[in-house]
Number of protein chains: 2
Amino acid sequence: MKKIAPGPDPDEGIATVSDRTLRTLLGYQMKRTFNVIQSDLSRTLKPFDLRMLTYTALILIVDNPGLRQSQLAEAMDIERPNLVVIVDELERRDLILRDRVESDRRAYALKATLAGRRLCEKAVAAVTAHEKLLLKGISPDALTTAMKVMQLIESNRLREA
Amino acid sequence: MKKIAPGPDPDEGIATVSDRTLRTLLGYQMKRTFNVIQSDLSRTLKPFDLRMLTYTALILIVDNPGLRQSQLAEAMDIERPNLVVIVDELERRDLILRDRVESDRRAYALKATLAGRRLCEKAVAAVTAHEKLLLKGISPDALTTAMKVMQLIESNRLREA
DNA sequence: TATTGTTATACTCTATAACTATA
DNA sequence: TATAGTTATAGAGTATAACAATA
């Protein structure tokens with residue numbers, strides 16, 4: 001139980017987050033934890049001039065050559081218009097290319113350049129090392145369970161009302 | 001393994017998110033899951049004219065009468081300036097009050113009004129019902145483990161570099 | 001008609017510095 | 001001098017409508 005508020009007498013009573021609050025605020029702990037991961041990631045990626053979104057996009061393009069923008073947007077769970085600036089930035093820095101698809105000239109096949117693959121490897125190594133610290137004291141089993149829980153929540157996503 | 005990209009021949013090969021990607025992208029699954037919870041929450045709270053932040057603030061004030069703004073900001077893991085508009089909105093709608101603290105006239109003691117407590121109960125009921133759907137198929141043990149993992153990650157937060 | 005990528009735009013959330021009034 | 005709350009502001013992330021080119 002987390003103590004967050006002093007009672008009427010600052011030196012005495014301490015109010016707490018109620019059990020009710022903890023039970024109902026599924027998003028509460030999740031957001032706090034995500035903030036920790038996000039801010040750690042931002043700091044780790046700063047030397048590479050990457051943010052969480054550009055880092056994620058770069059990894060997915062490196063690992064899935066030929067990916068189209070609409071597929072990448074879906075994989076990253078963001079809207080297509082918001083992906084454009086991310087791909088723009090990676091392309092401007094010559095980390096990826098937009099190749100026209102011959103069979104469908106509306107689409108682009110995204111591919112990482114050699115520079116993109118190299119930066120990706122370095123960034124992944126740095127992030128992996130950092131995450132080891134964040135995951136200290138957590139058993140592999142517990143982590144696996146947590147990942148499964150998150151995947152289940154995602155698969156329970158409600159179809160648009 | 002998640003299929004996200006068609007190979008050279010759309011009808012044939014399917015690329016996948018590599019094991020490497022899944023291992024290194026701790027934030028990847030977390031963000032997707034958080035998006036699901038967040039967007040479900042937004043939809044659920046719309047009838048009450050609440051957002052995740054105003055909802056969280058309201059619950060914490062209802063459950064911790066006398067809370068000060070700086071404590072609330074810390075509990076919500078947001079900066080003080082960003083809390084001001086949230087508290088403003090709740091106060092404008094007469095869901096909470098800013099009571100001056102006699103012993104420290106710089107601070108406010110936040111308290112929910114009757115209307116605030118009533119709206120809170122209704123919103124919590126709606127959210128709880130929705131979350132039951134999101135958590136379908138997840139055992140209580142697994143959920144507990146997932147929550148513990150998140151708390152451990154949070155406690156491993158690195159001090160500012 | 002429908003889809004891919006794009007532009008424009010608006011809204012929310014976040015982060016920082018500087019101010020005021022109290023301590 | 002330090003702290004609680006505030007203002008102003010800038011930067012990210014997100015969501016929607018509408019467009020051109022192509023299917």
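Lettering of chains follows the sequences in order, A, B, ..., and the numbering in each one begins at 1.
- Two residues are said to be in side-chain contact when any heavy atoms from C-beta on lie closer than 4.5 Å; B:Glu89 and B:Arg51 meet this criterion.
- Using a 4.0 Å heavy-atom criterion, one finds that B:Glu79 contacts the bases of the nucleic acid, with or without backbone contacts as well.
- In this structure, CZ of B:Arg68 is placed 12 Å from C1' of D:dG5, rounded to the nearest angstrom.
- For the residue pair B:Gln38 / B:Ser42, no side-chain donor-acceptor distance below 3.5 Å is found, with atom types taken as modelled.
- Within the 4.5 Å cutoff, no side-chain heavy atoms of A:Leu135 are placed close to those of B:Asn156.
- The CZ atom of A:Phe34 sits 13 Å away from the C1' atom of C:dT14 (whole-angstrom rounding).
- Side-chain atoms of A:Gln151 and B:Arg32 include no donor-acceptor pair closer than 3.5 Å.
- Per the geometry, CG belonging to B:Leu110 stands 13 Å off P belonging to D:dA4, to the nearest Å.
- Contact of the A:Asp40 side chain with the B:Arg157 side chain is not registered, since no non-hydrogen atoms from C-beta on lie closer than 4.5 Å.
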List every contact pair, protein side and nucleotides 10-13 of chain D side both N or O, where the distance is under 3.5 Å.
from, atom 1, to, atom 2, distance (Å)
D:dG13, OP2, A:Arg51, NH1, 2.4

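- Listed by residue number, there are no residues of residues 83-97 of chain B with a heavy-atom contact under 4.0 Å to DNA chain C.
- Remark: B:Arg68 is not positioned above the aromatic ring of B:Tyr108, lacking an NZ or CZ atom under 6.0 angstrom from the ring centre and at most 45 degrees off the axis.
- Summarising the geometry, the separation between NZ on B:Lys46 and P on C:dC11 is reported as 13 Å, rounded to the nearest angstrom.
- At a threshold of 4.5 Å between non-hydrogen side-chain atoms, the residues B:Gln69 and B:Arg98 count as touching.
- Mapped onto DNA chain C by nearest heavy atom, A:Ser39 and A:Arg98 fall at different nucleotides, with A:Arg98 at the one closer to the 5' end.
- A 4.5 Å side-chain heavy-atom check between B:Arg106 and B:Val101 finds every atom pair outside the cut-off.
- Atom OH of A:Tyr108 and atom C1' of C:dT3 are 15 Å apart (whole Å).
- Atom CG of B:Asp49 and atom P of C:dC11 are 15 Å apart (whole Å).
- With contacts defined as side-chain heavy-atom distances shorter than 4.5 Å, the pair A:Ile153/B:Ile138 qualifies.
- Phosphate contact (OP1/OP2 of D:dA15, side-chain N/O of B:Arg43, threshold under 4.0 Å): absent.
- What separates CG of B:Leu41 from P of C:dT12 is a distance of 15 Å, to the nearest Å.
- For the pair A:Ser70 and C:dG5, the criterion of a side-chain N or O lying under 4.0 Å from OP1 or OP2 is met.
- The side-chain heavy atoms of A:Thr145 and A:Met150, taken from C-beta on, include no pair separated by under 4.5 Å.
- Placement of B:Leu97 and B:Leu50 in two distinct hydrophobic clusters is found when ILVMFWY residues are connected by side-chain heavy-atom separations under 4.5 Å, directly or transitively.
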All N/O pairs under 3.5 Å across the protein-nucleotides 17-23 of chain C interface:
from, atom 1, to, atom 2, distance (Å)
C:dA23, OP1, B:Arg105, N, 2.9

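- When rounded to the nearest whole Å, the span between CG of B:Asp99 and P of D:dG5 equals 13 Å.
- No chain of hydrophobic side-chain contacts below 4.5 Å, direct or via other Ile, Leu, Val, Met, Phe, Trp or Tyr residues, connects A:Tyr55 to A:Val84.
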